[in-house]
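Shown next, in structure tokens, is the structure this report addresses.
Just the heavy atoms: all of them, side chains too, but no hydrogens, waters or symmetry mates, feed the values below. Proteins come first, then strands; the chains are lettered A, B, ... in the order of their sequence lines, and each starts at number 1.
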There are 2 protein chains.
Amino acid sequence: MARASIHNRQDSLERALHLFWQKGFHATSLKDLEKALDMRPGSIYATFGSKDGLFQEALERYARLGLAELDRTFQAYESPLAGLAAYLRGLGGICDKELPSRACMLVKSLLELGEREQIARDKAEELLAGMEARFVDQFAEAKRVGELDSRLDPVRLGRRLQAEIMGLRAFAQRDVDSAAVHALAEDMAQSLEELRVDEIAEIV
Amino acid sequence: MARASIHNRQDSLERALHLFWQKGFHATSLKDLEKALDMRPGSIYATFGSKDGLFQEALERYARLGLAELDRTFQAYESPLAGLAAYLRGLGGICDKELPSRACMLVKSLLELGEREQIARDKAEELLAGMEARFVDQFAEAKRVGELDSRLDPVRLGRRLQAEIMGLRAFAQRDVDSAAVHALAEDMAQSLEELRVDEIAEIV
DNA sequence: TATAAAATTGAGTAATCATTCAAGTTGTCA
DNA sequence: TGACAACTTGAATGATTACTCAATTTTATA
């Protein structure tokens with residue numbers, strides 16, 4: 001004995017994510033959300049609690065989808081290093097996609113949010129740490145299977161890769177040619193592949 | 001026959017820059033600026049025209065100071081490549097400095113601003129392009145003096161370096177150990193130094 | 001010292017902000 | 001069909017937003 005909701009929660013969250021990713025937290029007003037979700041303020045607050053709460057859920061969804069894509073890429077390649085390089089090359093095509101923003105939403109949030117949005121900021125930090133850990137794991141796996149020089153540190157490599165991806169996507173946010181971003185990603189991917197022990201052995 | 005201004009324009013701009021760099025455009029209110037500049041709204045508008053105008057001037061000042069530091073570093077080194085590496089290593093200490101933000105203000109603006117702040121956004125893009133051009137010039141100079149393999153493209157290298165710096169500073173915005181950022185900068189600097197032809201010649 | 005010009009003030013504007021809640025609507029089950 | 005419970009509505013809230021302008025203060029010069 002209850003009225004069924006006319007809104008799909010996940011669908012609403014998806015729309016909110018789109019808006020927050022595109023415009024950022026501060027520039028997204030409740031009016032914007034009302035229009036995008038086709039919901040009145042009362043419904044939004046009943047469903048998500050607050051603008052902050054909705055934003056945090058959007059952040060989590062964004063990271064979950066991002067991690068899923070990461071894993072999908074890694075699983076498509078036998079070689080851990082090849083998986084990492086493929087992920088980088090995939091990001092090279094980011095300008096060709098129709099996305100709310102080419103920059104990472106976690107990075108946008110990290111740079112935008114201050115003390116007044118501490119909880120969401122901490123959430124973004126935590127999710128970025130999770131992504132970094134995934135990169136570190138992949139490098140550790142590469143090391144385990146002998147693709148990586150045993151003297152190299154997966155933690156440093158994972159950190160470096162995350163920084164490079166942050167940079168690649170921030171750069172892609174500029175109004176530059178798609179070709180430039182492709183070339184940038186290709187250069188980064190090649191640097192990564194040069195870590196392969198086989199290649200080092202060839203040169204030395 | 002006129003009243004002298006009690007505010008130094010440059011000093012006011014410096015304070016505004018500090019605030020905008022720290023909090024971003026949207027999160028910085030005119031109330032915040034009134035307090036930081038110790039000026040009433042009328043004075044601020046008489047001096048800078050609008051919040052947008054003040055922000056744009058702050059952006060320009062930020063970029064001018066950044067470019068000056070870049071040139072100072074480059075001029076301190078005979079070798080162009082060494083200058084670039086030194087600049088990267090200097091950024092490794094960014095966590096130890098007392099700055100409004102560890103992330104680049106141009107990047108923060110690029111990621112935060114939308115169509116409603118198109119002019120400031122374009123300004124940030126233009127200033128970033130100027131920085132990139134400076135990197136390209138330095139790589140071109142390295143090539144001219146024979147530090148760089150003639151097959152390498154200064155444009156791609158400059159682009160790559162800008163992306164790496166964007167990434168380094170976005171990463172540094174996270175709540176991570178200063179040592180991690182130092183290590184990251186060191187890794188980036190070493191990659192850069194490996195471009196030196198001497199090193200390649202040694203290995204091959 | 002009187003005058004004019006520039007600088008500063010701060011109350012006030014209209015718009016927008018996130019949020020609340022009483023009232024209305026709708027579907028479900030007894 | 002009646003009644004309850006969940007969902008939705010949207011006007012109203014008070015706070016905050018960027019910004020304006022008439023009045024005031026200040027100072028250099030005539």
Side-chain angles (χ1 to χ4, degrees), chain A residues 1-13 15-59 109 112-121 123, chain B residues 1-20 22-59 109 112-121 123:
Chain A
M1 43 179 162
R3 178 181 174 187
S5 174
I6 59 173
H7 296 108
N8 179 299
R9 197 181 198 280
Q10 184 139 313
D11 180 62
S12 298
L13 188 54
R15 291 166 191 268
L17 164 57
H18 189 283
L19 214 53
F20 277 132
W21 185 7
Q22 176 184 100
K23 309 182 63 167
F25 178 77
H26 289 115
T28 301
S29 72
L30 233 85
K31 270 253 158 66
D32 295 330
L33 289 165
E34 286 172 41
K35 191 187 286 187
L37 309 195
D38 190 26
M39 287 168 87
R40 259 39 63 195
S43 282
I44 296 178
Y45 279 81
T47 310
F48 299 104
S50 66
K51 187 190 172 188
D52 285 77
L54 177 52
F55 183 78
Q56 286 158 42
E57 284 199 49
L59 267 188
S109 304
E112 182 191 358
L113 302 181
E115 293 172 2
R116 282 169 58 168
E117 305 88 19
Q118 190 64 53
I119 298 175
R121 218 197 105 98
K123 176 72 70 183
Chain B
M1 43 177 164
R3 179 181 174 184
S5 174
I6 60 172
H7 294 108
N8 180 300
R9 196 181 198 281
Q10 185 139 313
D11 179 62
S12 298
L13 188 55
E14 186 65 36
R15 291 166 191 268
L17 164 57
H18 189 283
L19 214 54
F20 277 132
Q22 176 183 102
K23 309 183 62 166
F25 178 77
H26 288 115
T28 301
S29 72
L30 233 87
K31 271 255 157 65
D32 295 329
L33 289 166
E34 286 172 40
K35 192 187 286 186
L37 308 195
D38 190 26
M39 287 167 86
R40 262 34 67 195
S43 282
I44 296 177
Y45 279 82
T47 310
F48 298 105
S50 67
K51 186 191 172 186
D52 279 83
L54 177 52
F55 183 78
Q56 286 158 43
E57 284 200 49
L59 266 187
S109 304
E112 181 190 359
L113 301 180
E115 293 172 1
R116 282 169 58 169
E117 305 88 20
Q118 190 64 54
I119 299 176
R121 216 198 107 98
K123 176 72 69 182

*Whole-Å distance between C/dC17 P and A/D52 CG?*
15 Å

*Round to the nearest Å and state the distance from A/R40 atom CZ to C/dA23 atom P.*
21 Å

*To the nearest Å, how far apart are B/F48 CZ and D/dC19 P?*
14 Å

_Out of D/dT8, D/dC19, C/dC17, whichever nucleotide has its closest atom nearest the side chain of A/A46_ = D/dT8

*asked:* For a quick check of understanding: with a heavy-atom distance under 4.0 Å over all strands, which category does B/S5 fall into, base, sugar-phosphate or nothing?
replied: sugar-phosphate

*On DNA chain C, nearest-nucleotide positions of A/S43 versus A/K31: which is more 5'?*
A/K31

*Taking atom P of D/dT16 as reference, at what distance in whole Å does atom CZ of A/R116 sit?*
8 Å

*Rounded to the nearest angstrom, tell me the gap between atom CE in B/M39 and atom P in D/dC19.*
15 Å

*Look at B/Y45 and D/dC19 and indicate whether a side-chain polar atom (N or O) is within less than 4.0 Å of OP1 or OP2.*
yes

*Measure the acute angle between the ring planes of B/F25 and B/F20, then classify it against the limits of 30° and 60° as parallel, tilted or perpendicular.*
parallel

_Distance, nearest 0.5 Å, that separates CG of A/D32 from NZ of A/K23_ = 3.5 Å

*Mapping B/H26 and B/A4 to their closest nucleotides on DNA chain D, which lands nearer the 5' end?*
B/H26

*asked:* On the side chain of B/R3, is there an atom forming a donor-acceptor pair with the base of C/dA7 - under 3.5 Å, no angle test?
replied: yes

*Would you say C/dT8 has OP1 or OP2 under 4.0 Å from some side-chain N or O of B/H7?*
yes

*When you get a sec, tell me which of C/dT19, D/dT20, C/dA18 is the closest nucleotide to the side chain of B/P41?*
D/dT20

*Integer-rounded Å distance: C/dT8 C1' and B/I6 CD1*: 7 Å

_Reported OG-to-CD distance for the pair B/S109 and B/E117, which is rounded to 0.5 angstrom_ = 10.0 Å

*Any idea which heavy atoms bring B/R121 and B/G114 closest together, and the distance?*
CD-O, 4.1 Å

_Can you measure B/L33 atom CG to C/dG10 atom C1' for me and round it to whole angstrom units?_
17 Å

*Whole Å only: how far is the CD1 atom of A/I44 from the C1' atom of D/dC7?*
14 Å

*asked:* Can a donor-acceptor pair be found, under 3.5 Å and without considering hydrogens, that links the side chain of B/K51 to the backbone of B/T28?
replied: yes

